[in-house]
Visitor: 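The structure's right below; bear with me while I get my questions together.
These values consider heavy atoms only, across backbone and side chains, with no hydrogens, waters or symmetry-generated copies.
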Amino acid sequence: MKTFQCPYCGVGCGLYIDEKGRIKGDFEHPANFGDICKKPIYLTKVLSKDRIGRPLYRESKSKSLREISWEEAYGILKKKLTSLSPEETYFYLSGQLLTEDIYVANKFVKGFLKTNNIDANSRLCMASAVTAYKLAFGSDGVPCTYEDIDDADAFLFIGSNAAIAHPVLFKRVLKRRRESEGVGLVTIDPVETETAKKSDFFIQIRAGTDTVFLNSVFYVLHREGWIDYRFVENYTEGFEEALETARKFPPELAASVCDVKPEDIHLVAEVFAKSEKLISFWCQGLNQSVNGTMKNLALINLHLAKGRLNEKGCPFSLTGQPNAMGGREVGYLTNGLLGYRDVRNKEDREFMEDFWGVKGIKETPGPTITEAIDLILEERIKLLWVVCTNPAVSLPELRKVEEALSRVFLVVQDAYWNDTCEFANLILPASQVGEKEGVMTDSDRTITFCEKFSEPYGESKPDWLIFTELAKAMEASELFPYSSPKEIFEEFKESTKGRLCDVSDLSYEKLPARWGRRWLYEDLRFPTESGRARFHPAKFDIATEEGEFILLTGRLKNNWHTMTKTGKSPELLKGEVPPFVLMNPKDAEELGVEEGEEIVLSAKGKEITRIVRLGNVKRGHIFAPFGYPREFGEPTNFLVSDKTDPLSKEPDLKYAGVRVRVAKLMTS
Ligand SMILES: Nc1nc2c(c(=O)[nH]1)N[C@H]1C(S)=C(S)[C@@H](COP(=O)(O)OP(=O)(O)OC[C@H]3O[C@@H](n4cnc5c(=O)[nH]c(N)nc54)[C@H](O)[C@@H]3O)O[C@H]1N2
Ligand SMILES: Nc1nc2c(c(=O)[nH]1)N[C@H]1C(S)=C(S)[C@@H](COP(=O)(O)OP(=O)(O)OC[C@H]3O[C@@H](n4cnc5c(=O)[nH]c(N)nc54)[C@H](O)[C@@H]3O)O[C@H]1N2
Ligand code: SF4
Ligand SMILES: [Mo]
């Protein structure tokens, strides 16, 4: 029986293939205990569908791609990488790679080429949560674990549609409510999502204003005398400054900014004050915002003000991708190094240089992916290497992205043909989960070993092997001596010794296992300079966008992002295509459009057409799934801007100003 971690969401369910080739939930895995959602069930059916089987190449984009051998591919890359300066190259990775893949890629870029020009799609995903966690707690490890769901009595879902995005986790929350009296769920979202529909309270907030709402909850906690001063005094710092900011937002004022009732704010304050154990789950409704880090900090402030950690609760950032946490452990963003180390820290750099036996790791973080797009347009970056992500659909401001992808020498390393491949000069076929071995870390720090259950498709190779073989072709075998993922894991392990994310005791045979204690900060000592957790004033800054509607973007229930896998399964596509948007019935009526009719949304000089579905979306807002690739028409992200949060540099993917008209008026 082959077991592995689900390659979809960050819940990280353990799965296995039974004797008839069916995919089932692993009863022994602590993330799901046998549970499973619909998406992975169809995995084996799409494993070999429309794959890329051989490396493909063209020097000029006006030519068609032709098949080449791996040797030729490595030759081309070697020539490019040696003729360009390291700063003229850029690597864009993914939280869907295995830890071993990420390890080798990161070492290749930061340790061998010696540039920090490397980022991952986590920039669009977890960057704000990472930044806020680090500011507040000194590290970005999630403080608690899934077990904490099983005895909590209050759950807040803010900017998270966990019912479809983290379904097995959400079912665990519902089970807890079913089995115990007095357990309550509150959802805060501009859309009455599936999560909201299953909650006891739904607060329909105006997009972008969570910082105001949460500051106001802090205000009420203070006004009502509900602060846990003992906790604040013993274990935290910065309370007064944070409170001073919060005091600018009395409930009446906040209610009008957020377009909610003052009682809603009071209700959440009461949940913070009076529940026994409260877990606040959040995801992209807080992270993907120009105010994203502040939204995160405003929420964490509430947990600190009430001492809601460990047995009393947890601020729980839901990780989106199956191995974004592994990426964090390896340090695959522009500033990261192994074991939660940072290029800006001299000691960390010295450790790494010693550990890898290299010299000259750069101390300045590289540009983030949206900055890199600008640098490509300025012709300062000349080679872009994309691994396991589909930026031609998922990055914001797609007109700019298309232009950049057309200009740069583009290497795409992917398992399937995707929209980004259309712009590629060189395509490297990658093996995917099921065809390769290695580990992933889920949302609650549990690491799972993924066994191989199928031969690699065609000539595809595991991502770690592609970088290892290229390094060999570049005469760097000493640095990259690997002949198996296990050797890579052993090397990675060593680097984490004594660190917060210490996995040095683990081995493939001992997995699944979690790093860190159940409660990461059990003793209430934090890896900050003073050892205390830190409050931060949560300053409010809303995205300003021109247009009649605010376009919110997000996920489909049965499809995974840009649909390269799930989109090949008719069972999963059903009901989710053709591309649609969700609109408030009153807005639709005013516009003169009915359910099933088409509207045209326009922004940034681009128009996209979508079918209207009616739903309880906040008035003035429209919800659009973002993952539709070009085979279904223009992708949503043509309308989305690349404005970013100043601290996390995460783009605001949840607040685009759009104009809207009825499509049929054009043709009549
Ligand atoms: N089925 C499925 N599951 C997935 C994925 C998938 O593609 N498909 N992707 C995975 C990944 S990588 C991620 S990151 C997660 C994402 O998981 P989620 O973040 O839960 O999903 P989203 O749909 O992006 O956004 C969540 C909610 O944020 C709300 N929102 C938008 N703006 C605001 C705001 O200003 N304030 C508040 N409070 N809410 C707001 C939206 O209306 C939406 O309901 O899902 C993971 N799981
Ligand atoms: N407007 C808007 N935009 C968004 C978001 C949003 O909410 N709104 N969400 C953002 C977020 S949170 C995320 S995480 C991103 C996701 O966006 P992407 O990362 O672009 O989405 P995926 O479709 O998951 O792309 C993964 C790619 O990896 C390939 N692949 C799968 N397995 C392997 C493998 O083992 N090796 C290699 N080399 N390739 C493999 C797949 O075929 C696919 O092409 O989108 C972001 N963009
Ligand atoms: S909840 Fe997430 S990890 Fe679990 S089976 Fe579904 S997609 Fe996979
Ligand atoms: Mo994500």
Side-chain angles (χ1 to χ4, degrees), residues 7-10 89-111 113 115-131 133-134 140 283-284 287-288 292 317 319-343 365-373 375-376 381 384-396 401 410-415 418 420 430 432-433 438-443 463-464 466-467 492 501 560-562 564 642 644-645 648-651 653:
Y8 296 122
C9 88
T89 64
Y90 197 90
F91 295 75
Y92 184 41
L93 270 57
S94 164
Q96 295 169 55
L97 290 161
L98 300 175
T99 299
E100 292 79 353
D101 296 326
I102 299 169
Y103 182 91
V104 179
N106 202 34
K107 181 174 180 180
F108 186 86
V109 179
K110 287 187 180 126
L113 295 181
T115 168
N116 295 333
N117 281 6
I118 174 168
D119 208 9
N121 55 3
S122 290
R123 184 68 60 188
L124 316 178
C125 184
M126 307 314 301
S128 297
V130 168
T131 308
Y133 263 154
K134 279 192 183 155
D140 68 323
C283 204
Q284 302 314 337
N287 294 343
Q288 295 169 335
S317 145
T319 307
Q321 298 179 92
N323 196 30
M325 291 288 286
R328 280 148 81 165
E329 288 149 22
V330 173
Y332 68 167
L333 296 184
T334 56
N335 65 301
L337 287 171
L338 295 183
Y340 281 19
R341 292 181 177 85
D342 196 302
V343 297
T368 64
I369 183 61
T370 51
E371 291 168 344
I373 294 294
L375 291 170
I376 291 172
I381 289 174
L384 171 66
W385 187 332
V386 175
V387 189
C388 195
T389 173
N390 190 3
V393 179
S394 57
L395 278 182
V401 173
L410 180 65
V411 185
V412 177
Q413 182 168 322
D414 206 282
N418 65 20
T420 308
Q432 57 176 319
V433 170
V439 304
M440 299 208 261
T441 309
D442 72 11
S443 259
D463 295 276
W464 67 266
I466 298 174
F467 285 101
F492 164 60
C501 59
W560 179 256
H561 297 152
T562 71
T564 60
D642 62 357
T644 60
D645 176 278
S648 67
K649 306 272 179 79
E650 176 157 347
L653 304 169

Visitor: Assess the side chains of T99 and N323: does a donor N or O sit below 3.5 Å from an acceptor N or O?
Guide: yes

Visitor: Treating D140 as the side-chain partner and K134 as the backbone partner, does any N or O pair qualify as donor plus acceptor under 3.5 Å?
Guide: no

Visitor: If I take atom CG from residue D119 and atom NZ from residue K649, how far apart are they, to the nearest 0.5 angstrom?
Guide: 10.0 Å

Visitor: State the CD1-OG1 distance between I118 and T89, to the nearest 0.5 angstrom.
Guide: 9.5 Å

Visitor: Checking K110 side chain against G336 main chain: does a donor-acceptor pair fall under 3.5 Å?
Guide: yes

Visitor: Taking all atoms of both residues into account, what is the closest heavy-atom pair of M440 and P322, and its distance?
Guide: SD-CB, 3.8 Å

Visitor: Is the shortest side-chain heavy-atom distance between L338 and Y103 below 4.5 Å?
Guide: yes

Visitor: Is there a side-chain contact between P7 and W560, using heavy atoms and a 4.5 Å cut-off?
Guide: no

Visitor: For a quick test of reading the model, state the closest non-hydrogen atom pair linking T131 to S648 and the distance between them.
Guide: OG1-CB, 3.4 Å

Visitor: Check T370, L124, T368 against T644 for a side chain to side chain contact (heavy atoms under 4.5 Å, CB included) and give me the one that passes.
Guide: T370

Visitor: Has the side chain of N117 got a donor or acceptor atom that lies under 3.5 Å from a matching backbone atom of G366?
Guide: no

Visitor: First locate atom CG of L337, then atom CG of N116, and finally report the distance between them rounded to the nearest 0.5 Å.
Guide: 7.0 Å

Visitor: Minimum heavy-atom separation for P367 to L375, with atom names?
Guide: CG-CD1, 3.5 Å

Visitor: Do the side chain of N390 and the main chain of T420 share a donor and acceptor less than 3.5 angstrom apart?
Guide: yes

Visitor: Which atoms form the tightest heavy-atom contact between E650 and C125, and what is the distance?
Guide: OE2-O, 3.1 Å

Visitor: Return the CD1 to CG distance between I376 and L410, rounded to the nearest 0.5 Å.
Guide: 8.0 Å

Visitor: Could you walk me through whether T115 and Y90 pass the side chain to side chain contact (heavy atoms under 4.5 Å, CB included) check?
Guide: CA-CA 9 Å; T115 168; Y90 197 90; over 6 Å; no

Visitor: Do the rings of F467 and F91 sit parallel, tilted or perpendicular, given the 30° and 60° boundaries?
Guide: tilted

Visitor: For residues I373 and D642, determine if any side-chain heavy atom of one lies less than 4.5 Å from a side-chain heavy atom of the other.
Guide: no

Visitor: Find out whether V386 and P391 are in side-chain contact, i.e. whether some heavy atom of one side chain is under 4.5 Å from a heavy atom of the other.
Guide: yes

Visitor: Counting distance only, does the side-chain N/O of Q432 pair as donor-acceptor with the main-chain N or O of A415 below 3.5 Å?
Guide: no

Visitor: With rounding to the nearest 0.5 Å, note down the distance linking OG in S317 to CD in Q284.
Guide: 8.5 Å

Visitor: Do T389 and L93 have side-chain heavy atoms sitting under 4.5 Å apart?
Guide: no

Visitor: Over all heavy atoms of both residues, which pair between P396 and P651 is shortest? Give the atoms and the distance, please.
Guide: CG-CB, 3.9 Å

Visitor: So do the side chains of W464 and L98 get within less than 4.5 Å of each other, counting heavy atoms only?
Guide: no

Visitor: Are D463 and Q413 close enough that some pair of their side-chain heavy atoms sits under 4.5 Å apart?
Guide: yes

Visitor: Nearest heavy-atom pair of M126 and N287: which atoms, and what distance?
Guide: CE-ND2, 4.1 Å

Visitor: Hey, does V433 have a side-chain heavy atom less than 4.5 Å from the side chain of Q96?
Guide: no

Visitor: T334 and R123: side-chain donor and acceptor closer than 3.5 Å?
Guide: yes

Visitor: Going by atom types alone, do S122 and Y332 pair a side-chain donor with an acceptor below 3.5 Å?
Guide: yes

Visitor: Would V439 and F492 count as a side chain to side chain contact (heavy atoms under 4.5 Å, CB included) if you check the C-alpha gap in whole Å, the side-chain angles of each, and the deciding distance to 0.1 Å?
Guide: CA-CA 11 Å; V439 304; F492 164 60; 5.9 Å; no

Visitor: Counting only N and O atoms by type, is there a donor-acceptor contact under 3.5 Å from the side chain of S128 to the main-chain atoms of G292?
Guide: no

Visitor: Taking atom OG of S394 and atom NE2 of H561, what is their separation to the nearest 0.5 Å?
Guide: 8.0 Å

